[in-house]
Every structure is written in C-alpha cells, then in structure tokens.
There are 2 protein chains.
Amino acid sequence: MGSPVGSDMVGTNVDGGSHLDERKAAILRAVVTEYIETAQPVGSQRVAQAPEVSVSSATVRNDMSTLEREGYLVQPHTSAGRIPTDKGYRFFVDSLGGPGRLDPSQRHRVSQFFARAHGELEQMLDDTSKLLSGLTDYAAVVVGPNHESAAVRSVQLVGLTAHLGLLVVVLSDGAVEKRSIELRDDVGEARLAAATAHLSAHLVGRSLHERSSSRSQPTALPPTGDSGTDGVVADAVIALAGLAADRQEEMEQVYVGGASRMAAAFDAVETVRSVLSILEQQYVVVTLLRDVIDRGLSVAIGKEHGVLPLAECSVVVAPYVSEGQPAGTIGVLGPTRMNYPQALTAVAVVSQRLGRHFDDS
Amino acid sequence: MGSPVGSDMVGTNVDGGSHLDERKAAILRAVVTEYIETAQPVGSQRVAQAPEVSVSSATVRNDMSTLEREGYLVQPHTSAGRIPTDKGYRFFVDSLGGPGRLDPSQRHRVSQFFARAHGELEQMLDDTSKLLSGLTDYAAVVVGPNHESAAVRSVQLVGLTAHLGLLVVVLSDGAVEKRSIELRDDVGEARLAAATAHLSAHLVGRSLHERSSSRSQPTALPPTGDSGTDGVVADAVIALAGLAADRQEEMEQVYVGGASRMAAAFDAVETVRSVLSILEQQYVVVTLLRDVIDRGLSVAIGKEHGVLPLAECSVVVAPYVSEGQPAGTIGVLGPTRMNYPQALTAVAVVSQRLGRHFDDS
DNA sequence: GTTAGCACTCGGTAGACTCGAGTGCCAGAG
DNA sequence: CTCTGGCACTCGAGTCTACCGAGTGCTAAC
C-alpha cells in the first residue's frame, strides 16, 4: 500500500514512465477500481470523490491528462471519461502488494470443497476448475499435474478379443494408462501371461520416461526364449514408448470450467464466440499458461500474452506445488477489466490448497 | 416428397390441424426453408417466387393467414413477414422423408476421420463430437457406449504408497476403471498379491454389474484364511461396488464439441450464456438426450424437450448401434431455425459409421 | 502547485418524418 | 368456389434534428 511500483514484476514498460508520483498513482488506481466495478468510462469528478484522492476534480483532470499522455489511460471519445489501457491495468496489478485474503464465505466454500474432495484425479481437477470459476465468476482452467518422474508400479497385458489386447500400466502417482495392441493369431492367454511377467520383471520400479528415449526405436527387452512371446513383448514395448510420449504431451490435460461465464463478460457476441473457440483448443490454453508462468508473471493482461483473439482478456495464473515441486497450473480467464484482487487471491488460495491436497492423499 | 405427414413421427399435435392440403404444406415448407436460410421473417412475395409454389402472392397470403391461425406460423408484428413456430418446424421435419445424402466433400471428411481414427475410446468420442460439430456448424454431443454387460477381464491391486493402493479393473469392452483404496499398516506386497489372486479367481469373466446388486452391502467373497488379506479383499469389493454404480451413472460421459458455435447462432448474449451453461451440465445433457430417444423421436424442437433455457434450441439425435445393440447416442444442438435436413443426415451418417467403427475394432 | 470558472465537445436520447415491405380485404375473373 | 389483381393500411427501421449533460481543456486567480 506504499511503494509505487513492485519492481519485481514489471511488465511492459515502453519508456521510463513507470515512475508516477503518489497522487497520480492513487488517481490511476481509483480509475481502475471504478472502471472494474462499473464498466463505464470514469470522469474526473468521480475520481475526486474517491476517499484516497483529496484534490479537486480540476487537479484530477490535469493528472488524468498526463496519465493519458503516458499511456495509462485512454478516452473512448473526447468528452467522455477515461478507461485504463493494458499498461494502466499492469500498473494497478503490480501495485497490489500480493494476493489478499478471501472473504469468509468463499473461504468456507473452498474448505468445504477440499474437505469433501473425493473421487479420482480427473474428476477432482475438473471439479477444481468449477470451484475456481464459481469463486471468481470467470472461466477457470486447471492443468493436471505432470509427474514426469512417475515410476511404473504395474504392467499388465489383458486380452480383450482374439486379436485385440490391452496394455495397462499403473504409475506411482496413481495414473492408469492404457493402450490397445493388436495380437497375432498365435497369442493365447499363456503367452500374454508370460509377456506380462517379462514386462513386469524389467519395467516395474523404473520411470516410464527412461524407457522411451527414442520413440521410433525403443530399447528392446532381452528375449524370453519363446518367439511368440517376444513378439507380443516387442509390440508392448512400442506401445509403451508411444504412451510415454503421449503422456508428455497430453498428460497436460486441461480442464476448463465455467466457460459460459465468458458470455456474461462481453456484450459483443462475436468476442464471446472467439474466446470460447480458443478455450476449446486445449493446446492453445496450455501453451498460454505455460508461457505466462515461464515469463515469471502471475498475470497477463490483454495483449501481453500473444493470443490475439484474447486481446480483451486477462489471465491470472499460479502454479501449484506438490511434494516440493511445481506440479501443474491453475488459472482464471476473464475480461481485461476483471476483478484482479479477487482473482489473484482466489487463484492463490486454490492453488495452495490443491497442492496441499495432493500431498496429503 | 409426397404424403403430407409422416404418420410415424408425429410429435405435438394440439388439434386435428395436421391435415394440410398439399399447397399449404408446400407454402409452409417454403417458409421454413427460407427462414432457415435467411433468419428473416418471410413474406408472401418471396414464397410466391419459390419454384414449388405456383400461385400468386395473394393466394399465398390467404394460406399463410390460415397457417397462422392453425399455429404453424407467427408474425413478429403486424406488417412483417412470418416465422415458423415449433409446430411449423415439426411439420417440416416430419415431412422430410428421412435423412438425405451427405454432400461429397463432407462424405469424404467423414471417411477420412474414421479411416484415421486411432487412440483410445475417450479421445475417439471427443474427436467424434468435434467432427459432428464441424459438419453441421452447431454444437455436437456424443454419449459414450454403455456396455452394461461388460465382463471383467482383469482385476489387480497395486500398491502406490504404504497406505494407498489402487484397484484397477479391465473390462471386456476395453475400459479401464480404477479406484483408490486405503491400506492398513499390515498390508504389504504379499497380501496385495494374494488379494489380487483371490479377486481374480472370483471375479474374472463375470459382469461387473452382477456383483453390485446392493451397493451398501456387496456380496462378500469367501474367506482366504488370512484375515489381513480378507480385509483388503473386503475393501476392494466395496470399491468395486462403488465403481459399478459410478459406471452406471457416470460412464455415460458426454463429450461436447463446438460449443462455441452456439455463440454464432444467437445474437442475444444472454441466450448464449444460458445455453452454454446448460451444455456444461453433463447430467442435464445426458438426460435430455435419453428423453428424446426414449420418446422415439429423432428431433426435439424448441419447447418439445422440457429444458426451458433451451427453448430456442432444437436437438437432433441418433443412437449408434454396436454389436447389434444400441450403445450410445450422438446428437446436434442448434437453434430452432437450424438446418434440419443437413443435421439429420450428418447425425445419421456419423452414428452409423461410429457403430460400425466399434464393431470393426 | 492547486483550484474555481467557463467555453466547448460530442455521445446518447427523444421526437418527427419518411420509406417500404408486408398485410388484409374486396371485387372481379375463371 | 377458387384464385388473382388492386388498394388502403400498418408499423418497424432508418434518417434527421434538436437537446441535454457529463466531461474536458484552458485560463485566471488563490
């Protein structure tokens, strides 16, 4: 609540203009706050009435004019109030100390959620995205934990039909992966069992990853002495390699909750459509989140992230940490004029609780 | 293309008014067709120009007036053209003989899709929903196959940590279900193995369903002689029962594709929001589809289905059949003024191909 | 440096008017 | 009895004008 700029999170600074004196900063903050609430351009009079600004509207006008020249505000048209630019929001966000406290009822809601949390991983993550969306009233995304180092706990080949088998792998993080395999005519239950035993002997306890250094030519296992069994084993090893690769890419499953709330955030139906369409492209969403995290930000505002159709959106993200390591990411997607303080705290609280939840289970 | 009403698919007929003479039927069809295309109220002049109507606009006016009195059309306001009511659409849909042929490029697209279809069930179904959405430009839903009678092919207990185990069940339809189980201190690898063996001996080959007649008190297995093992087995049996129940409810996972396209279908942003919000509630969607199917319909128009927020939407559904039995459902959700002929054929073709795909694999 | 005062701008709203697509009805032709 | 051409009428949508008022920028005084 004191220093003008948090120097650790400086985003886009076109010029040296990020040094605002305290009064201008207060005025800017007031404009942003007001605009977030009303979605209407805010004028000097309104700002002058704000408790943290104790100067006349004329002075505010002068300062707002300066703020506009420096790129923090824009006027939709002459003789209208002013609206924050991305840069204005950025200053606002940076000047928030950090996530605040959740209000009691929401706090309770989160506690309830994690107390009752049940079911398997996927369900849990999906529900979490809905929780976060409900807390913020924006769309929420949750990226699943990527236990890269997960060890194989069990490998099993199961026959489904005469020509179709299923390779089932259980990993130490509780994930179960499967892959169907074509079986040749000469493979019966006996050979499946033999292959299962052979695979188990060589793979259990090791990381799925270390077996798949090269996908096209996975390391073969030593022969069993029975060529029919060896054939199945070889197929299984190939499937395993593919599985490992898929897991790397696709394991980063993203769960999107409350996408419909984006419709309430914009009034141009075309904007809604394009935003929703982006949210349907899991790959884009994951990339976006990773990008933001990689750049060390916790908020990406408007055009700061590269995704053009989301130019009118901001993203608030946080990694969640399980067993001391960053495991996945959660985030909130809303309009640029979103309620940043609330979103920041909601994301912070949920990410923390989520990590703890995984550690406890 | 000849008889006025397909008597097999009669929907809501308020009164005996479903007997339209051929000319009125042609006029009604023309109005619907035109309105589907332009989304504008259509006037008598336009209809009179349609090739299948060869009378003057005055005559058309008289007939349209009658059609309005009988509830097939409405005027948004005096001195505007007319718009079909739900009843009007119903007549139109019923008077279509049945699904037509897909245009060649779409046909090709479908073939490509199923030729390249790969990956596991979930991915496949999700992709199918995207395909169907792409074909029709509306939102598409796919409900997964419910192999109620699926037999257990493999049961396995795997230890994850000292106190956490995972029950993994492979079913004959290729589904893999899992459930975590708490382990007591005295359970080690040996007892897990023993329990796995015991469970396998009693459950493999049977249906998951037949073991779960009463969820609260599942049938216990005979004792093994070791009380520690018996404890684990009992826990596993309980987990199995829960799993079977969940599978009944939740197995009917629904995959929604192209929800964003609903935004293009309406221009009231509030409508979009409420429709999307419904689509996010899987349970409602599944119920809706089942309802429509159960009533023997393949199209539900506007208020015909009970879901109020979808009053401006229609649903086109078709079950898909695998191994001679209805396995699941696919459907398209669009605005009431959707392109029914196209949607009907797309749904018919995809459902057929999907069933065949499962049979082949 | 701050403030009060003032002329000016311009988006939004309301009312008047026009235009034209579309209707309903009637009288006459087939 | 059915169909059609003609005609008066309706009313939404678009255009134009006037006006209001929130908000600005500037200047002069404190």
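What you see below is based on every heavy atom in this structure, not just the backbone, and it leaves out hydrogens, waters and symmetry mates.
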Polar pair under 3.5 Å, donor/acceptor by atom type, side chain B/S79, base D/dT10: yes
With no angle test and no hydrogens, is the base of D/dG25 tied to the side chain of A/R69 by a donor-acceptor pair under 3.5 Å? no
On DNA chain D, more 5' by nearest nucleotide between B/D63 and A/R46 is B/D63
Using heavy atoms to find the nearest nucleotide of DNA chain D for B/A80 and B/R61 separately, return the residue whose nucleotide is more 5′. B/R61
Salt bridge or not for [X] and [Y], using N-O below 4.0 Å?
X	Y	answer
B/D94	B/R90	yes
B/R82	B/E68	yes
A/E52	A/R29	no
B/D291	B/R295	no

Rounded to the nearest 0.5 Å, how far apart are [atom1] of [X] and [atom2] of [Y]?
X	Y	atom1	atom2	value
B/D86	B/Y72	CG	OH	13.0 Å
B/Y35	B/R46	OH	CZ	14.0 Å
A/K87	A/L28	NZ	CG	10.0 Å

Using the six-membered ring wherever Trp is involved, compare the ring planes of B/Y89 and B/Y340 and label them parallel, tilted or perpendicular (cut-offs 30° and 60°). tilted
For [X], answer base if it contacts any base atom (sugar-phosphate contacts may also be present), sugar-phosphate if it contacts only those atoms, and nothing otherwise; contact means non-hydrogen atoms under 4.0 Å.
X	result
A/R23	sugar-phosphate
A/Q75	sugar-phosphate
A/T59	base

Under-4.0 Å side-chain N/O to phosphate OP1/OP2 contact, A/R82 with D/dG25: yes
According to a strict under-4.0 Å criterion, is B/S56 in side-chain N/O contact with OP1 or OP2 of D/dT4? yes
When you get a sec, tell me which of D/dC3, D/dT24, D/dT4 is the closest nucleotide to the side chain of B/A58? D/dT4
Nucleotide range of DNA chain C contacted by chain A, 5' to 3', under 4.0 Å to a heavy atom? C/dT2 to C/dG11
Name the pairs: protein N/O against N/O of nucleotides 28-30 of chain D, kept only if under 3.5 Å.
none

Do the side chain of A/H305 and the main chain of A/L310 share a donor and acceptor less than 3.5 angstrom apart? yes
